[in-house]
Undergrad: 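I'd like to ask you about the structure that follows.
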Amino acid sequence: MTKKLLLTGFEPFLDFSVNPTKKIAGELNGAVMGDYTVISHVLSVDFRKAGKQLLQLIEETKPDAIILLGLAGGRFKVNPERIAINVNDGPRDNQGYKPENEVIQEDGADGLFSTLPISRMVEQLQAQGLPAEISNTAGTYLCNHVMYQALHYVKTNNRHLAAGFIHLPASHELAIEHGKIPSWSHDDLKRAVIICIEALSN
């Protein structure tokens with residue numbers, strides 16, 4: 001019996017009319033890669049809902065690993081994130097809510113490190129000709145929010161599972177819409193996610 005991987009993307013947000021992570025998550029739902037069967041879901045870009053949605057999904061699916069995906073329009077490379085910080089801040093979410101210096105978990109650590117094999121992911125992406133590097137900031141928007149919520153859950157519940165966040169560049173579709181923004185083809189973005197999933201089993 002294969003292990004279960006919870007894979008999440010986000011709905012479109014801000015001035016991005018599409019979100020490639022939503023499409024990739026949908027396309028990979030049910031796929032078997034390495035030791036894992038993928039269970040995909042799309043999270044709301046909503047500070048009040050996204051974390052609760054994620055924690056409910058973790059409770060329901062009881063995954064053996066968690067990979068959270070997010071769009072980082074403007075980045076050139078695939079970026080597995082090293083750390084999530086205990087703060088909400090940044091632009092308005094899709095409901096118009098704009099937090100400022102808001103703590104995510106009152107009893108939580110200031111920062112929590114990814115438990116994904118991020119160095120191996122970067123090495124295998126680069127070996128397959130895809131630009132990648134570890135990022136040391138997931139920001140303070142929804143991407144950081146759900147990464148922190150997942151890692152706080154893992155730590156609080158003494159769960160020994162790989163969990164973390166990966167930022168993806170924009171798709172060509174978004175580059176056409178926005179003009180001067182780095183972009184990748186959808187096929188390469190999807191291939192990058194598959195390589196990262198396969199790295200869990202190596």
Undergrad: Roughly how far apart are K23 NZ and E173 CD, rounded to 0.5 Å?
TA: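 Here the rounded value is 6.5 Å.
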
Undergrad: Taking ring-ring contact (aromatic ring centres under 6.0 Å, His included) as the test, write out the residues that go with F165, two or more places apart.
TA: H167

Undergrad: Answer yes or no: does atom OH of Y97 have more than 12 heavy-atom neighbours from other residues, nucleotides or ligands under 6.0 Å?
TA: yes

Undergrad: What do the steps show when you test L168 against I24 for side-chain contact (heavy atoms from CB on, under 4.5 Å), and what is the final call?
TA: CA-CA 11 Å; L168 302 181; I24 291 168; 3.9 Å; yes

Undergrad: Does E11 pair with K49 as a salt bridge, N-O distance under 4.0 Å?
TA: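 No, no charged N to carboxylate O under 4.0 Å.
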
Undergrad: At their closest point, which heavy atom of E177 faces which heavy atom of D15, and how far apart are they?
TA: OE2-O, 3.4 Å

Undergrad: Hey, any chance I134 and I197 share a hydrophobic cluster, counting ILVMFWY side chains that come within less than 4.5 Å of each other, even indirectly?
TA: yes

Undergrad: Looking at every heavy atom in both G108 and N86, which two are closest together, and how far apart are they?
TA: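 Where G108 meets N86 most closely, the heavy atoms are O-ND2, 3.5 Å.
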
Undergrad: Could you state the interatomic distance from OG1 (T61) to CD1 (I39), rounded to the nearest 0.5 Å?
TA: 5.0 Å

Undergrad: Quick check against the 3.5 Å criterion: does S114 have a side-chain atom that pairs as donor or acceptor with the backbone of R82?
TA: no

Undergrad: Answer yes if the side chains of E60 and H41 hold a donor-acceptor pair under 3.5 Å, and no otherwise.
TA: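 No.
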
Undergrad: Write down the atom of P169, the atom of P20, and the distance for their closest heavy-atom approach.
TA: O-CG, 4.3 Å

Undergrad: With a 4.5 Å heavy-atom cut-off, do I85 and Y148 have their side chains touching?
TA: no

Undergrad: Counting only N and O atoms by type, is there a donor-acceptor contact under 3.5 Å from the side chain of N29 to the main-chain atoms of S40?
TA: yes

Undergrad: To check you understand the geometry: which heavy-atom pair defines the closest contact between V122 and A132, and what is its length?
TA: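 It is CG1-O, 3.6 Å.
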
Undergrad: What's the spacing between T2 OG1 and K4 NZ if we round to 0.5 Å?
TA: 9.5 Å

Undergrad: Could you give the distance from CD1 (I66) to CE (M147), rounded to the nearest 0.5 Å?
TA: 11.5 Å

Undergrad: When you compare the side chain of L174 with that of L71, does any pair of heavy atoms fall below 4.5 Å?
TA: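 Answer yes - side chains close enough.
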
Undergrad: Would you check if the side chain of W184 reaches a backbone N or O of K77 as a donor-acceptor pair within less than 3.5 Å?
TA: no

Undergrad: Taking atom NZ of K52 as the centre, report whether more than 12 heavy atoms of other residues, nucleotides or ligands fall under 6.0 Å from it.
TA: no

Undergrad: Whether K190 and D187 form a salt bridge (side-chain N of Lys/Arg under 4.0 Å from carboxylate O of Asp/Glu) is what I want to check.
TA: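 Here D187 does not pair with K190 in a salt bridge, since their nearest N and O are not under 4.0 Å apart.
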
Undergrad: How far apart are the C-alpha atoms of L28 and I194, what are their side-chain angles, what is the distance that settles it, and do they pass the side-chain contact (heavy atoms from CB on, under 4.5 Å) test?
TA: CA-CA 9 Å; L28 294 181; I194 291 171; 4.0 Å; yes

Undergrad: With a 4.5 Å cut-off on side-chain heavy atoms, are V146 and T8 touching?
TA: no

Undergrad: Starting at OG1 of T140, measure out to CD1 of I104 and round the result to the nearest 0.5 Å.
TA: 9.0 Å

Undergrad: Closest approach of D46 and Q95, non-hydrogen atoms and distance?
TA: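 Looking at all heavy atoms of both residues, the shortest contact is OD2-CG, 3.0 Å.
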
Undergrad: Hey, any chance L161 and L7 share a hydrophobic cluster, counting ILVMFWY side chains that come within less than 4.5 Å of each other, even indirectly?
TA: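 Per the 4.5 Å side-chain linkage, L161 and L7 are not co-clustered.
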
Undergrad: Under 4.5 Å between any side-chain heavy atoms of L43 and L57, yes or no?
TA: yes

Undergrad: How far apart are the C-alpha atoms of L200 and I67, what are their side-chain angles, what is the distance that settles it, and do they pass the side-chain contact (heavy atoms from CB on, under 4.5 Å) test?
TA: CA-CA 10 Å; L200 293 173; I67 292 181; 3.9 Å; yes

Undergrad: Can F10 and L69 be said to form a side-chain contact (heavy atoms from CB on, under 4.5 Å), step by step?
TA: CA-CA 7 Å; F10 273 113; L69 302 176; over 6 Å; no

Undergrad: Measure the acute angle between the ring planes of F16 and H178, then classify it against the limits of 30° and 60° as parallel, tilted or perpendicular.
TA: tilted

Undergrad: Please find the pair of heavy atoms, one from Y141 and one from P91, that lie closest to each other, and give the distance.
TA: CE1-O, 3.2 Å

Undergrad: Under a 4.5 Å cut-off applied to non-hydrogen side-chain atoms, are L116 and E81 in contact?
TA: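 In short, these two side chains do not touch, never coming nearer than 4.5 Å.
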
Undergrad: Strictly by modelled atom types, are Q149 and Q105 linked by a side-chain donor-acceptor pair under 3.5 Å?
TA: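 Short answer, yes.
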
Undergrad: Does the D93 side chain pair with the main chain of F13, one donor and one acceptor, at a distance under 3.5 Å?
TA: no

Undergrad: Do the side chains of V45 and L55 join up, straight or via other hydrophobic residues, at under 4.5 Å, putting them in one cluster?
TA: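 Yes, it is one cluster - the side chains of V45 and L55 are joined through contacts under 4.5 Å.
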
Undergrad: Check for me, please, whether I118 and L151 land in the same ILVMFWY cluster - side-chain distances under 4.5 Å, paths through other members count.
TA: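 No, no single cluster joins them.
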
Undergrad: Mind checking whether L5 and M33 have side chains closer than 4.5 Å, heavy atoms only?
TA: no

Undergrad: Would one find more than 12 heavy atoms of other residues, nucleotides or ligands at under 6.0 Å from atom CG of D110?
TA: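 Not buried by this count: 12 neighbours or fewer within 6.0 Å.
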
Undergrad: Ignoring hydrogens and geometry, is there a side-chain-to-backbone donor-acceptor pair from S201 to D35 under 3.5 Å?
TA: yes

Undergrad: First locate atom CZ of F47, then atom NZ of K98, and finally report the distance between them rounded to the nearest 0.5 Å.
TA: 9.0 Å

Undergrad: Do L142 and L14 sit in one hydrophobic cluster, given that two such residues count as connected whenever their side-chain heavy atoms are within less than 4.5 Å of each other, even indirectly?
TA: yes

Undergrad: For the NZ atom on K155, are there more than 12 heavy atoms of other groups (residues, nucleotides or ligands in this structure) within a distance under 6.0 Å?
TA: no

Undergrad: Is a side-chain donor-acceptor pair under 3.5 Å present for S171 with H186?
TA: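 No, no side-chain donor-acceptor pair sits under 3.5 Å.
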
